[in-house]
K.L.:
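So that we are looking at the same thing, I have put the structure below in structure tokens.
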Amino acid sequence: MSDQVVLGGPIDLDQTLYSGQVFHWNRCPDGFWSGLLGNEAVVVSEKKQNLILHHGPAKKVAHHFALDHPLQEIYAEFPDEALSLASLAACRGMRILRQPRWECTATFITSSMKQVGHIRAMSLAIRERFGTAVVGSDIHAYPAFEVLAKASESSLRGCGLGYRAGNLLKTARMFADGKLDLEAIAKLPTPKLRQTLQTLPGVGVKVANCILLFAYERLDAVPIDTWIDRILLAMRKGRKGTPAQLAAYARRRLGPYAGYVQQYLFHHARMTKKGR
DNA sequence: CGCCAGGGTCTCG
DNA sequence: CGAGACCATGGC
């Protein structure tokens, strides 16, 4: 724990790890964050807006935290509009993580109609019940799809998944059966990739956009959940629209880094509208 | 108790 | 194509 490595920045670790992208990190009283990157234990902290590595694989961690994302260039593309500028002022330093693909896909399949706290609880339960222990961490690794494919639906429901258990199970079996490869499809253009992801049980347009944004570096992908839906409605001065119309509006109005803008809007709204 | 949560899917008009 | 019903679970 004496060897510290400055990985770079700027980054706001609290905003990044508490914004509903990942759900298994723990913030210690001393400000250190402990979590997992795949099946490797990681401990990081923040000092003068720089990411400090205390434990874990430096190169992978820097890549995961997307320290190469050009934040200043991204901020310059934020729309000149009250809500987006307010979210930028409040969340400056938050980065869109590069997540392991299966882990991200599975987690967001369980996310439908669930609050962030519930998603975290389900993730931890699944890890505890099906994942393998990791040296140096009290959190288990997220189970591979081969493992979940052999689980029973009732045992998944025991993790609090409800009706989402069937979707996660069927999706895990599709990968176990080799019907789809999350790595092989990474080179597809965004529309085709979104369409492919939506063939997975429990993955519609919103979850597909989450996977595109958080696991495939498609920084223009905009997940529209209930929060963003309300925000877009406000930006349109109350003018409602079909999901397709709202998606087109978001793509046009939020710019080339629309996914980034969306994440700032989402987190800021959640933090200001209610506690947690 | 009623309502809502980072929705998806199926049915019906 | 677009609106509605239904799907489990937990917190307020």
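Here is the naming used below: chain letters follow the sequence lines, and residue numbers restart at 1 for every chain. Scope of the values below: all heavy atoms of this structure, side chains included, with no hydrogens, waters or symmetry mates.
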K.L.:
Compare the ring of A/F266 with the six-membered ring in the base of B/dG6 and state whether they stack (centres under 5.5 Å, planes under 30°).
P.N.:
yes
K.L.:
At a cut-off of 3.5 Å, list every protein nitrogen or oxygen paired with a nitrogen or oxygen from nucleotides 8-11 of chain C, distance to 0.1 Å.
P.N.:
residue : atom : partner : partner atom : Å
C/dA8   : OP1  : A/R157  : NH1          : 3.4
C/dA8   : OP1  : A/R157  : NH2          : 2.8
C/dA8   : O4'  : A/Y163  : N            : 3.2
C/dA8   : N1   : A/R164  : NH2          : 3.4
C/dA8   : N3   : A/R164  : NH2          : 3.3
C/dT9   : O2   : A/K114  : NZ           : 2.8

K.L.:
Could you list all N or O pairs between the protein and nucleotides 9-13 of chain B that sit under 3.5 Å apart?
P.N.:
residue : atom : partner : partner atom : Å
B/dT9   : OP1  : A/G202  : N            : 3.2

K.L.:
Which nucleotide sits closest to the side chain of A/R230: B/dG7, B/dA5, B/dG6?
P.N.:
B/dA5
K.L.:
A/Q245: which residues meet the side chain to side chain donor-acceptor pair (under 3.5 Å) condition with it, sequence neighbours left out?
P.N.:
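Per chain and number, A/Q245 pairs via side chain to side chain donor-acceptor pair (under 3.5 Å) with A/T242.
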K.L.:
Could you work out the separation of C/dG4 and B/dC4 based on their P atoms and round it to a whole Å?
P.N.:
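Here C/dG4 and B/dC4 have their P atoms 15 Å from each other.
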K.L.:
Determine the interatomic distance between P on C/dG10 and the same-named atom on B/dT9; round to the nearest Å.
P.N.:
23 Å
K.L.:
If you compare all heavy atoms of A/Y216 against all heavy atoms of A/L182, which two are closest, and at what distance to 0.1 Å?
P.N.:
OH-O, 2.6 Å
K.L.:
Between A/H69 and A/Y260, is the ring centre distance below 6.0 Å?
P.N.:
yes
K.L.:
Listed by chain and number, what are the side-chain contact (heavy atoms from CB on, under 4.5 Å) partners of A/S154, not counting sequence neighbours?
P.N.:
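With sequence neighbours excluded, A/S154 shows a side-chain contact (heavy atoms from CB on, under 4.5 Å) to A/S152, given in chain and number order.
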K.L.:
Measure the distance from CD1 on A/I224 to P on B/dG8 and round it to the nearest whole Å.
P.N.:
11 Å
K.L.:
Determine the Euclidean distance between corresponding P atoms of C/dA5 and B/dC3; express it in Å to zero decimal places.
P.N.:
14 Å
K.L.:
A/A250: which residues meet the side-chain contact (heavy atoms from CB on, under 4.5 Å) condition with it, sequence neighbours left out?
P.N.:
A/V222, A/L232, A/L254
K.L.:
Ignoring hydrogens and geometry beyond distance, is the side chain of A/Q21 in donor-acceptor contact with the base of B/dG6 at under 3.5 Å?
P.N.:
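It does not, because no donor-acceptor pair links the side chain of A/Q21 to the base of B/dG6 below 3.5 Å.
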K.L.:
So what does A/T110 hit on the nucleic acid, given a heavy-atom distance under 4.0 Å: a base, only sugar-phosphate, or nothing?
P.N.:
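Nothing, no nucleic acid heavy atom in range.
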K.L.:
Which part of the nucleic acid does A/F214 contact within heavy-atom distance under 4.0 Å: base, sugar-phosphate only, or nothing?
P.N.:
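Result for A/F214 = base.
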K.L.:
Output the rounded distance in Å from CG (A/D229) to C1' (B/dG6).
P.N.:
12 Å
K.L.:
Would you indicate what A/Q245 reaches in the nucleic acid, counting non-hydrogen atoms under 4.0 angstrom: base, sugar-phosphate, or nothing?
P.N.:
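Since no nucleic acid heavy atom lies under 4.0 Å of A/Q245, the category is nothing.
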K.L.:
A/E46: what forms a side-chain contact (heavy atoms from CB on, under 4.5 Å) with it, not counting sequence neighbours?
P.N.:
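In terms of side-chain contact (heavy atoms from CB on, under 4.5 Å), with neighbours along the sequence ignored, A/E46 is linked to A/D12, A/L13.
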K.L.:
Taking only the P atom of each, what is the distance from C/dC6 to B/dG6 in whole angstrom?
P.N.:
24 Å
K.L.:
For A/H140, enumerate each residue passing the ring-ring contact (aromatic ring centres under 6.0 Å, His included) test, keeping only those at least two apart in sequence or located in another chain.
P.N.:
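Here no residue qualifies.
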K.L.:
Sequence neighbours excluded, which residues qualify as salt bridge (Lys or Arg N to Asp or Glu O under 4.0 Å) partners of A/E40?
P.N.:
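With neighbours one apart ignored, the set is A/K60.
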K.L.:
Which Ile, Leu, Val, Met, Phe, Trp or Tyr residues join A/L36 in one cluster when any pair of side-chain heavy atoms under 4.5 Å counts as a link?
P.N.:
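Direct or chained contacts put A/L36 with A/L124, A/V134, A/I139.
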K.L.:
When you measure from every atom of DNA chain B, which of residues 92-105 of chain A have a heavy atom less than 4.0 Å away?
P.N.:
none
K.L.:
By side-chain contact (heavy atoms from CB on, under 4.5 Å), which residues pair with A/D229, not counting sequence neighbours?
P.N.:
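For A/D229, the residues satisfying side-chain contact (heavy atoms from CB on, under 4.5 Å) (neighbours in sequence not counted) are A/I224, A/L246.
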K.L.:
Taking only distance into account, with no hydrogens and no angle test, what donor-acceptor pairs under 3.5 Å do side-chain atoms of residues 78-93 of chain A form with protein atoms, sequence neighbours excluded?
P.N.:
residue : atom : partner : partner atom : Å
A/E81   : OE1  : A/L83   : N            : 3.2
A/E81   : OE1  : A/S84   : N            : 3.1
A/E81   : OE2  : A/L83   : N            : 3.4
A/S84   : OG   : A/P79   : O            : 2.5
A/S84   : OG   : A/E81   : O            : 3.4
A/S87   : OG   : A/S84   : O            : 2.8

